[in-house]
Amino acid sequence: MPEQKIPEYNFKKIEKKWKDKWETDKLYQPDLDKAEKPFHNLMMFPYPSAEGLHIGGVYTFTGVDTYGRYKKMQGFDIFEPIGLDGFGIHSENYAMKIGEHIKTVSERTEKNFYRQLSSIGNMYDWSRTVETYKPEYYKWTQWLFLQLFKRGLAYQKKAKVNWCPWCKTVLSDEQVIQGKCERCESQVEKKELKQWFFKITDYAEKLLKNLEWIDWSEDVKINQRNWIGKSEGARVKFEISIKKQETRNKKQTNSKYQISNVVIVHGSNSTKEGSENKESGPENLRHWKLWLNNKLKEKGIKVSNEIYPKDWAPKYSDWKKIFDKIDINEDSILIGHSAGGAFLVRWLNETKTKIKKLILVSPGKSGKQSREVLSSFYGGKIIKNIDLYVKNKIVIFTSNDDIPKHIQGAEEYKKELPAKVINLKNHGHFTIQDMKTEEFPELLSEILEEKKENQIEVFTTRPDTLFGATYMVLAPEHKLIEKMKDEIKNWEEVQKYIDTAKGKSEQERKEEEKEKTGVEIKGIKAINPVNQAEIPIWVADYVLSGYGTGAIMAVPAHDERDFEFAKKFGIEIKCVVEPIGGPIIFEGQNSGIAYDEFIKDLKEGKICSSMIGKSINSEFLDGLKTEKAKQKMIKWLEEKKLGEKSIDYKLRDWCVSRQRYWGPPIPIIHCEKCGAVPVPEKDLPVELPDMIDFLPEGKGKGPLAKNVEFVNTVCPVCGKPAKRETDVSDPFVDSSWYFLRYSSTEFDNEAINKDRAKKWLPVDSYIGGKEHTVLHLLYSRFITMVLNDLGFIDFEEPYKKFFGHGLITKDGAKMSKSKGNVINPDEMIEKYGVDAVRLYLRFLGDFSQGGDWRDDGAAGMARFMKKLWQTFFDLEGAGEGVEKTQMIDKTIKAIGEDLEKLSFNTAIARYMEFINWIRENSANFNLGQTQKIKRTMALVLAPMAPHIAEEFWTKLKNDKSIFLEKWPAYNEENLEDDQFELVIQINGKVRNKITVSIGVEEDEIKKIAQESEKIKKHLKGQTIKKMIYIKGKLINIVI
RNA sequence: GCCGAAGUGGUGAAAUUGGUAUACACGCUGGUCUUAGGAACCAGUGCCUUCGUGGCGUAAGGGUUCGAGUCCCUUCUUCGGCACCA
C-alpha cells in the first residue's frame, strides 16, 4: 500500500468551520416572500431554564432538523425558526430561589440558550427569533387578548379556582395533577376569586369535529377527544313535591315562584322630550314597563333594575353601566322592548352571560329612523348566535310592523334560533293597547310559567333508563338545597354533611377509597316525570357540581356508582334494561357466572350492569333496544316539555389570569363608571413595569397591584381616574400563537402579515413532546380557530402534521438535578462532536418512543465517525470494479424512506450496513464506482450529520453547499438482484434454502424445491397436499 | 377503575405490515498486532442437544391460517394520561 496521507478527523475544527460558513452565507434564511416551495418546519420552542439546554431538547431539536434537512434536499424552502417561551412561573420561582431579579436571570438565560442552540448544527433562521417576554412580542399577545375580549371570548367571572399556595397563583384544571400543582407539587386549594377566562367551550364542537380530518397520530387525537369529553344525552326535569304538613316555617315571601330576578329594558324615544306623540312620548316610554313591573310585583316577583337611564333615548353604554351593577345569572329573565331588545342581544353576545330566558317585545321597527337607531347598537351588523347563551329560551313578541331588521327577520329567527315567536295584533310598536289584549297575559305567563314549581334538572346519557330512576342526588354545592332550606326537615343534618363535604380538599375526597357518603334530604321528594313515582332526594359528594347540572337521577340497576350507593343506604333497585347478545358478549364482561344467572341477579337487584340491551319495566319503551329507547324517550320528553336532547362537554373554559409578575399584563382598565374597558390598541403594549420587589403576596392579587404608578391610570372611555388590571396572562397564551408570529417578525404594525401567513402557514410539520397533547395543542388550535373567525388568518387548524416524540432517560429514569443523572449537552459536544451526538441520539431508538442515554453508546458512535472518515479517504478506486452495486441504490431508497417517516434509527443502521459493505469491497471498486460511492456517502448522511457530510462534499471538489444539492436518485431497476434465496418450508418450517435465478417460473421452482436433497429426505413416504409459493421469497410444502 | 402505548437475546433495539425472528449497534468471549491499551483488526455470541441433524424459542395461555412477533380472545406486567364526567 502506498503511503497515502489521510487527514485527521478533527471534528472541532470541521464543525466550527461549517457553522461559520453557513452563517455568513445565510444558508438557512429563506426569502420568505419569494420562496417557491415553502415548508415550515416547526419544533416546540423551549422553555429556557437557567440550568441550560437539556439533552432532551437536543434530542428533539436535532431530530426535527434532520427531517428539515432531508426536506431541504428534496428541494423545499425550509423555514426552521426558533424562540424562547420565557415568561412564566418556572423562571420566576427560580429567580426567587437564587435571590436575583427575574429580568437579569432571563437575560443571562437567553444568551446561554441561544449559544447552546446554535451549537447543535440546526438550520435555524437566527434573523427571526421570538421571545415571549419581549414587549415587541407580548404587545401582540395583549392584542390577541383584546380580540377575544371584543368578541366576548374573554370574560371575567368569580369562580372557584385552583389555587397553589406555594406559587401563590391560580392554575388551570390542566395544570393540576392529581390534586397537586404541576410545578411545585403543593396541595392545590380551591379559592373563590374573580378571574379572566377564555371561552374555549364555544369551540368544543369544532375542536372535536376537526379531529376527524387533521393528519395527526391517533393516540394524540384520542387524548384530545377524551379531554373535550363530549357526551350526548338528555336533560330531564324532575318536579319537587313538598310535604306541606311537615314544613317547619312558613316562608314570608312567596314560595310559589322560584324566580330569582327579572330585568326589564325599555326602548328608546325617537321624538323629543315633551312631545305629544302618544305612542312614544315620555308618558308612554316607560309606561308598559311600569305596568309590567307592577304586575310582577303583585305576584311577589322583584324586578331587578328599578333604576333606568336618565336619557329618553338611552344608548348602549347607558344601559351597560346599569347592567354592570346588577346581578344577572342563569336564573335571570331579561325582557327587552325595541332598542332595549337590541341592547340585550348585543350585551349577551359580548358578555356571554348565561341567563334563563330572553323575551323580546317588538324588537324592531320598520321605519328608517328606527332602523338607524337599532342598527347603531351593532355598528350596522347582523348578529346571530344568541342561541348559544339562551338556548331554546327566546320568546319574541312581534307584529308585522315590527320586523326586527337589526337582527334577522322574524322568519329568520325561527330558522336560525329555536325561538318561539308570538304574533301581536297590530297596535303599533307595542302600545298601551297591546297591554289590554290577549297577548299580554301570554307575556306574563311566559315569565311566570317557569316558576310554577321547584324543579331539579339532571343530565343523563341514558334517558332510556328513566323508569329505573329510584332516587335523585344533588351535589353538595347545588343551589336548590339552600333555596329549599325551609322545607327540609333534617336541615341540620344536611347542612352538616354539606359543610364537611365542602371542607374536604380534592385530595381527601380521593383518599376516602371512594366509599360513598350521603344524607337523605327529608321533607321533599322528587317526582319521576315518566311514572309520577315519588322518589327520595339525597345529597352526596359523589355527584360533582361542575359537570352536567350538578344533580343526577340515580339508576342503581344500571350504574355502578348509583348501585353502590343504593346498596349502602338500602334504596330500591329497579332493573329496566335486559342486556342482550347472549353469553358471547357477556363472557368478556363478567367471567365466572353463567349468563342466565347474571340476568337473574340483575333483575333481583343483586348486581348492576351498564350494558345496553332492551328495555323492560318501562311501559312505552318495553322491548326497544337501547338506542331506539333513548330516542323515543327524548321525543316523549320534548313533547311533554319535561326535557330535551342535550350535549355536555367535560371541557371547561380556560382560566388565563395569573397573580404573578413575569407575564404579559392583561390589557384591561377597570373604571368605576364604564366597567372593564379594553386598553386601546394604539396604547399597546402595556409594558410590564420594572419592579424590584416582584414577589407575590398571596392574597389573590398579583405583585403588580403593589405598583401604584402602574395601577393608577385614566379610563380611555370617560377619561376619569381608573385602575389597571393587575393579573398577567397564562404562559400558555404566549405559546398558543407564537408559530403565527415567526414569519411576521419584522412587521411592527400587525401581529400576522396576511401574505406571509398565506405562504408559510399553517405549519407543515410540527414536532414536540407528547406531554403537550391536551394543553398547548388544544389551546393553539382554539386560538387559531378564533383568529380564523375574526378574519386574521384563513385556516382553522394550525398544524398540518403533528408528531409526538419520546423522552430521553438516563438508566431508565427521568433526568433530574436531584438524581444527579443529568446529561450536559455542552460536555458531550465537546467530547464527541456535534455530528456524533446527533447521530447517537438518532440511533438510540424510535423517535416516537424516546430512549435511554448511555455514555458507551455515544463513545461507540464517535468511533464509528472515525471509521467512516477513514473509509472515505481510504477509497482510491484502484480496483477493477465490483460486479454488483445494488447496495448503493438500496441504501438511497431505504434511507430516504426512513427519514420521511422519521425512522432515524433504522436509517442509521442502513447507513452502517452501507459502510460495512464498502469496507468489505474497498480494494475492488474502480474509479467511477468510487466517485459514486463517495457522493452517496456524503449525501445520504447529510441530514443526520451535516458537518462531516459538508466536509466530504468539498473534498469531492464541489464548491456549493451539499444542502443545495438534491437528494440522490436511485435506479429502480437496479434494486433487484438477478438471483434470490428461495426458502423452502415444509408445513411452515424452514428446511432448506437454495439460490435461484429471478426469472424462474413457478412450476420450475416447485420442481427444484422438491428435488433438493434435504427436502427429499423429508418428503420420503409423504404425500404433498398443497404447495404455496410466494414470489421471490419462499415456498411452503404442505404434507 | 377507565383510556392509550408497549412487553422480542446480557443491553439499546430491527423485522418490507401475515412469509427466513433477532438487521444495526452496545456488551461479552477468544484471537492477531503491540512495552501497554479502555486503540485497531479478525472470529464467535438466543436456548437445549447425542455436535449429525434436530428440537425449543418474540410476557403467559388459547384460537384463526399452509404459515403468526405481526390478526382474534383471555390473563399478567410496565409506562403515560384521566380519575366518582351521570
Side-chain angles (χ1 to χ4, degrees), chain A residues 177-179 217-223 225-227 229-231 233 458-462 465 473 506 509-510 512 514-516 540-544 546-555 558-562 564-565 584 587-588 591 610 648-651 770-771 773-774 806-807 809 812 840 843-846 848-861 863-864 866-867 870 894 897 903 905-916 919 981-993 1014 1017 1025-1039:
Chain A
I177 311 294
Q178 308 201 321
S217 65
E218 206 49 40
D219 56 336
V220 176
K221 288 187 185 181
I222 287 167
N223 256 330
R225 263 185 216 121
N226 289 346
W227 193 264
K230 179 181 183 172
S231 46
V458 300
F459 173 71
T460 176
T461 54
R462 291 293 296 273
T465 62
V473 188
E506 292 279 317
R509 281 200 193 185
K510 271 159 209 158
E512 277 168 9
K514 289 177 189 168
E515 174 71 22
K516 303 255 181 307
D541 65 4
Y542 82 91
V543 172
L544 309 171
Y547 184 75
T549 60
I552 61 158
M553 60 174 219
V555 186
H558 305 290
D559 181 282
E560 263 180 61
R561 297 153 301 183
D562 298 343
E564 196 191 315
F565 192 82
I584 300 159
E587 216 166 273
S591 51
S610 55
D648 255 64
Y649 300 91
K650 278 189 237 174
L651 185 71
K770 286 179 187 150
E771 67 275 21
T773 47
V774 283
L807 295 175
T809 54
Y840 174 60
F843 191 57
L844 268 181
D846 191 298
S848 67
Q849 301 293 309
D852 199 58
W853 176 278
R854 292 159 60 111
D855 289 336
D856 52 7
M861 190 55 77
R863 239 178 289 144
F864 173 76
K866 260 191 197 167
K867 195 159 100 177
Q870 192 79 21
E897 283 169 1
S903 179
N905 53 338
T906 53
I908 292 171
R910 306 272 193 190
Y911 191 75
M912 287 171 164
E913 281 178 80
F914 181 50
I915 300 303
N916 289 344
R919 288 164 67 81
E981 195 177 44
L982 177 73
V983 173
I984 306 167
Q985 294 182 332
I986 291 174
N987 288 347
K989 287 193 172 144
V990 180
R991 295 300 179 188
N992 200 6
K993 296 173 189 177
K1014 284 179 188 167
K1017 244 199 276 177
K1025 284 185 194 157
K1026 212 177 182 181
M1027 277 201 271
I1028 292 139
Y1029 174 57
I1030 307 295
K1031 196 163 181 281
K1033 270 187 188 138
L1034 61 75
I1035 186 160
N1036 190 9
I1037 302 169
V1038 186
I1039 53 175

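The structure presented is a predicted model; accordingly, all values stated were derived computationally and were not measured. Proteins come first, then strands; the chains are lettered A, B, ... in the order of their sequence lines, and each starts at number 1.
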Next item on the list: Run the numbers on A:Trp853 and A:Asp855 for side chain to side chain contact (heavy atoms under 4.5 Å, CB included), then give the verdict.
Entry: CA-CA 7 Å; A:Trp853 176 278; A:Asp855 289 336; 2.8 Å; yes
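Relative to the six-membered ring of A:Tyr542, A:Lys516 meets both conditions, a distance below 6.0 Å and an angle of at most 45° to the axis.
For the pair A:Arg910 CZ and B:C24 C1', the computed distance is 10 Å after rounding to whole Å. Atom CG in A:Leu844 sits roughly 8 Å away from atom P in B:A13 (whole-Å rounding). If you take CZ of A:Phe864 and C1' of B:A40, they are 16 Å apart, rounded to a whole angstrom. Taking atom CG of A:Asp541 as the reference point, atom C1' of B:A83 lies 15 Å away to the nearest angstrom. Taking atom OH on A:Tyr547 and atom C1' on B:C84, their separation rounds to 13 Å, with Å as the unit. Atom C1' of nucleotide B:C66 and atom CG of A:Leu1034 are separated by 10 Å, given to the nearest angstrom. Atom CG of A:Asp559 is separated from atom P of B:C84 by 13 Å (rounded to the nearest Å). The nearest whole Å value for the distance from the NZ atom in A:Lys650 to the P atom in B:A86 is 6 Å.
A gap of 34 Å separates the P atoms of B:A13 and B:C84, to the nearest Å. B:A43 and B:C48 have their C1' atoms separated by 24 Å, given to the nearest Å. Comparing B:G81 with B:G10, their P atoms sit 31 Å apart, to the nearest whole Å. Distance check on atom C1': B:U49 versus B:A68 gives 26 Å, rounded to whole Å.
Of the side-chain N and O atoms in A:Asn905, none sit less than 4.0 angstrom from OP1 or OP2 of B:C24. Look at A:Lys1026 and you'll find a side-chain N or O under 4.0 angstrom from OP1 or OP2 of B:C66. Dashed line: the shortest gap from a side-chain N or O of A:Asn916 to OP1 or OP2 of B:A25 is under 4.0 Å. Phosphate contact (OP1/OP2 of B:A15, side-chain N/O of A:Lys1033, threshold under 4.0 Å): absent. Put simply, A:Ser231 has a side-chain N or O that comes within less than 4.0 Å of OP1 or OP2 on B:A86.
In B:G80 the O4'-C1'-N dihedral to the base is more than 90° from 0, which defines an anti nucleotide.
Of the candidate nucleotides B:C66, B:C82, B:C3, B:C66 has the atom lying nearest to any side-chain atom of A:Ile1028. The A:Val1038 side chain lies nearest to B:C66 when the options are B:A86, B:C66, B:U20. Taking only side-chain atoms of A:Asp856, from C-beta outward, the nucleotide of B:C24, B:C26, B:G4 with the closest atom is B:C26. Ranking B:C3, B:C24, B:G19 by closeness to the A:Phe843 side chain, first place goes to B:C24. With B:C82, B:C3, B:A86 as the candidates, the nucleotide lying closest to the side chain of A:Ile222 is B:C3. The side chain of A:Arg919 has B:C41 as its nearest neighbour among B:C66, B:A25, B:C41. Listed candidates were B:G54, B:A86, B:A25. Nearest to the side chain of A:Arg991 is B:G54. In this structure, the nucleotide among B:A23, B:G19, B:A86 sitting nearest to the side chain of A:Asn1036 is B:G19. With distances taken from any side-chain atom of A:Arg854 to the nucleotides B:U11, B:G27, B:G19, the minimum falls on B:U11. In this structure, of B:G67, B:G81, B:U20, it is B:G81 that holds the atom nearest to the side chain of A:Asn223.
In this structure, A:Lys1026 contributes its side chain and A:Asn1036 its backbone to no donor-acceptor pair below 3.5 Å. Judged by distance alone, with hydrogens and angles left aside, the side-chain atoms of A:Asn987 form a donor-acceptor pair with the main-chain N or O of A:Ile1039 at under 3.5 Å.
Residue contacts shown for A:Lys993 include a base, since a base heavy atom lies under 4.0 Å away.
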